[in-house]
Undergrad: 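Shown below is the structure under consideration.
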Protein chains: 2
Amino acid sequence: MGRDRAGQLGERMSEEEPTPGSVRPGGRTARTRAAVLTATFDELGEGGYGELTMEKIAQRSGVHLATVYRRWGSVERIICELMIDKSADIALPDTGSLRADLHGLASGIGAFYAAPRNRRVMEAVVAAAVRQPYAAEMLRDFFRDRRRDAAVLVRRAIERGEVPADTDTDAVIAALGAPFYYRLLISRGPIDQDLAETTAAAAYEAARAGVFRHPAADAGER
Amino acid sequence: MGRDRAGQLGERMSEEEPTPGSVRPGGRTARTRAAVLTATFDELGEGGYGELTMEKIAQRSGVHLATVYRRWGSVERIICELMIDKSADIALPDTGSLRADLHGLASGIGAFYAAPRNRRVMEAVVAAAVRQPYAAEMLRDFFRDRRRDAAVLVRRAIERGEVPADTDTDAVIAALGAPFYYRLLISRGPIDQDLAETTAAAAYEAARAGVFRHPAADAGER
DNA sequence: AATCTAATGCGAGCGCGTTCGCGTTAGATT
DNA sequence: AATCTAACGCGAACGCGCTCGCATTAGATT
């Protein structure tokens with residue numbers, strides 16, 4: 001439970017000693033990184049976050065335990081890095097209609113989380129975010145960026161006149177994503193095509209009805 | 001990480017030794033229970049789940065560390081018990097219209113999670129569920145029961161003809177709850193009245209549009 | 001090819017969370 | 001009121017996660 005490391009180590013605060021692996025990112029460093037991430041992904045697929053240990057990761061990857069600790073410091077950091085690696089798989093559709101776009105995006109999310117390993121990774125990241133502030137910040141920023149990317153679907157729909165001009169694009173995307181994480185973390189049921197279709201349709205109908213219009217607030221959206 | 005305790009302790013498997021506190025639930029036992037739960041709630045309010053320790057709970061409550069371990073075994077178990085205690089505060093409205101009912105319920109949920117302590121408790125339970133199977137089961141069953149209770153709102157709306165007769169009542173309630181947990185766990189922003197209103201309106205419009213109708217499936221809803 | 005040093009391998013050691021055995025207390029029963 | 005025992009208080013000890021200092025390796029530089 002990393003409490004005030006800087007206070008104990010002394011030189012960290014003055015010289016800002018770089019993390020091992022950041023000066024020479026290529027060659028052996030890249031290999032160990034790949035080995036550790038792969039091992040973590042496989043380990044998560046078998047046992048889940050509760051069973052995951054730094055020692056198991058070290059053993060499966062063939063990388064020494066001390067090295068894993070030096071480069072990442074905790075399982076949570078490894079998992080965060082793993083999520084960023086894996087999450088590039090969900091594509092943004094561009095069909096010409098908001099209904100189809102939302103369906104496509106929801107299908108993509110649904111297909112992603114249909115894989116138990118991806119599910120476990122996201123579960124682990126959320127759990128890590130609850131325990132460690134830096135993981136929470138990472139998770140929040142990551143999803144903020146992804147929603148920002150996906151907001152283009154709604155912006156195009158606004159231009160087409162499908163939804164009101166003052167629709168909160170971020171709110172629509174958040175409404176599209178929310179049910180997946182509810183299923184993933186709360187009701188803990190299967191994530192299937194049914195959920196994707198229902199979710200997409202619900203977000204679409206609500207957006208068309210003008211539910212997500214800005215509440216006449218300030219321009220704090222940037 | 002409770003791995004096969006029964007195998008190590010021997011007598012646990014044959015005689016099924018009861019948990020301390022279950023034979024004489026009154027008197028001193030009830031006091032220590034209250035002290036531990038209150039201490040955990042206060043500790044969560046200050047530091048969050050990451051800072052929470054059995055020893056801190058023991059110290060703040062005045063109950064000995066060994067006693068806390070004997071009765072609960074882990075912080076996760078304490079937190080689960082705490083959630084069940086605290087969650088009885090959200091009431092189910094009955095106004096005569098689905099729109100107002102959903103607004104009322106959403107406001108209740110929103111007000112509940114506007115309190116940082118309640119937020120922390122739910123965060124902790126979700127994180128615990130990721131790590132320990134029994135917590136996951138507890139969380140899932142708890143929300144299943146709560147959704148079942150809340151489903152009466154939708155059932156009344158069906159009787160009034162506000163939504164299609166084959167509307168999946170559980171899906172409507174899940175859609176109403178999901179955005180709160182997305183905000184709570186993923187985007188990690190404030191849970192305010194805006195969110196409650198938007199969420200209620202979105203669920204209402206989608207339900208009215210027939211988004212949540214059963215997909216002509218079996219009667220597996222029980 | 002020789003040199004330099006970042007990154008890793010290695011094992012010892014510390015600290016903290018957790019458990020266990022025994023004595024004590026308090027609430028229930030007669 | 002006397003007795004019984006569930007539940008609690010107490011401290012020692014175990015085990016595991018984590019860190020640290022030094023030796024070794026490999027990739028980059030000249």
Side-chain angles (χ1 to χ4, degrees), chain A residues 1-12 15-37 39 43 49-78 128 131-132, chain B residues 1-12 15-37 39 43 49-78 128 131-132:
Chain A
M1 249 171 277
R3 59 244 169 266
D4 63 317
R5 315 180 161 173
Q8 295 178 350
L9 299 182
E11 72 269 13
R12 283 276 177 92
E15 198 62 26
E16 196 64 35
E17 185 176 324
T19 314
S22 59
V23 181
R24 291 179 181 173
R28 184 168 60 161
T29 300
R31 284 200 302 274
T32 58
R33 189 186 112 94
V36 166
L37 291 185
E43 203 70 39
Y49 183 50
E51 263 63 50
L52 193 60
T53 316
M54 290 291 259
E55 193 157 357
K56 283 187 182 175
I57 295 174
Q59 283 179 356
R60 186 186 276 253
S61 65
V63 177
H64 195 84
L65 178 64
T67 300
V68 182
Y69 268 107
R70 270 191 291 255
R71 289 204 34 191
W72 286 277
S74 66
V75 267
E76 284 77 19
R77 278 214 166 82
I78 303 179
R131 307 204 69 160
Q132 302 191 347
Chain B
M1 246 173 281
R3 59 247 170 265
D4 63 314
R5 318 181 158 172
Q8 295 179 347
L9 299 181
E11 71 270 13
R12 285 275 179 91
E15 199 61 26
E16 195 64 35
E17 187 175 323
T19 314
S22 59
V23 180
R24 291 179 180 174
R28 184 169 58 161
T29 299
R31 284 199 302 274
T32 58
R33 189 186 111 94
V36 165
L37 291 186
E43 203 70 40
Y49 183 49
E51 263 64 50
L52 193 60
T53 315
M54 291 290 260
E55 194 158 358
K56 284 188 182 176
I57 295 174
Q59 284 180 355
R60 186 186 276 254
S61 65
V63 177
H64 195 86
L65 179 63
T67 301
V68 183
Y69 269 108
R70 269 191 291 254
R71 287 202 38 190
W72 287 277
S74 65
V75 269
E76 285 77 18
R77 277 214 165 83
I78 302 179
R131 306 202 70 158
Q132 301 191 349

Undergrad: Where is the tightest heavy-atom contact between A:M54 and A:V68, given as atom of each residue plus distance?
TA: CE-CG1, 3.8 Å
Undergrad: Atom CD of B:E51 and atom CD of A:Q132: how far apart are they, to the nearest 0.5 Å?
TA: 9.5 Å
Undergrad: Looking at residues at least two apart in the chain, or sitting in another chain, which of them share a side chain to side chain contact (heavy atoms under 4.5 Å, CB included) with A:A66?
TA: A:H64, A:R70
Undergrad: What is the separation between atom CZ on A:R77 and atom C1' on D:dC18, rounded to the nearest whole Å?
TA: 15 Å
Undergrad: I need the CZ-P distance between A:R131 and D:dG17, as an integer number of Å.
TA: 14 Å
Undergrad: Between the base of D:dA26 and the side chain of A:R28, is one N or O donor paired with an acceptor at under 3.5 angstrom?
TA: no
Undergrad: If you fit an axis to the five pairs at each end of the helix from C:dA1-D:dT30 to C:dT30-D:dA1, how big is the angle between those two axes, to 10 degrees?
TA: 40°
Undergrad: Test of understanding: with side chain to side chain donor-acceptor pair (under 3.5 Å), list the residues that count as partners of A:T32, not counting sequence neighbours.
TA: A:R71
Undergrad: Nearest heavy-atom pair of A:V75 and A:I57: which atoms, and what distance?
TA: CG1-CD1, 3.8 Å
Undergrad: Taking only nitrogen or oxygen atoms into account, show me every contact under 3.5 Å that the protein makes with nucleotides 10-14 of chain C, one pair per line with its distance.
TA:
none

Undergrad: Mind calculating the distance between CZ (B:R31) and C1' (C:dT25) to the nearest angstrom?
TA: 11 Å
Undergrad: Quickly work out the B:L65 CG to D:dA12 P distance and round it to whole Å.
TA: 15 Å
Undergrad: Check whether any side-chain N or O of B:T32 sits under 4.0 Å from OP1 or OP2 of D:dC8, and answer yes or no.
TA: yes
Undergrad: Specify the separation, in whole Å, of atom CD1 of B:I57 and atom P of C:dC16.
TA: 18 Å
Undergrad: In whole Å, I'd like the distance from the CE atom of A:M54 to the P atom of C:dT8.
TA: 13 Å
Undergrad: For B:A35 and B:V63, which heavy atoms make the closest approach, and how far apart are they?
TA: CB-CG2, 4.3 Å
Undergrad: With side chains defined as the heavy atoms from C-beta onward, is the minimum distance between B:I78 and B:L37 less than 4.5 Å?
TA: yes
Undergrad: NZ of A:K56 versus P of D:dC16: gap in Å, rounded?
TA: 13 Å
Undergrad: Roughly how many Å is it from CZ in A:R33 to C1' in D:dA26, rounded to a whole number?
TA: 20 Å
Undergrad: Tell me every residue that passes side chain to side chain donor-acceptor pair (under 3.5 Å) with A:R60, counting only those two or more places apart in sequence or in another chain.
TA: A:E43, A:E46
Undergrad: Taking only residues two or more places apart in sequence, or in another chain, which ones meet A:T67 in a side chain to side chain donor-acceptor pair (under 3.5 Å)?
TA: none
Undergrad: As a test of reading the structure: which of D:dC8, C:dA7, D:dG17 is closest to the side chain of A:R71, going by heavy atoms?
TA: C:dA7
Undergrad: Looking at C:dA7, C:dG17, D:dC18, which one has an atom nearest to any side-chain atom of B:Y69?
TA: C:dG17
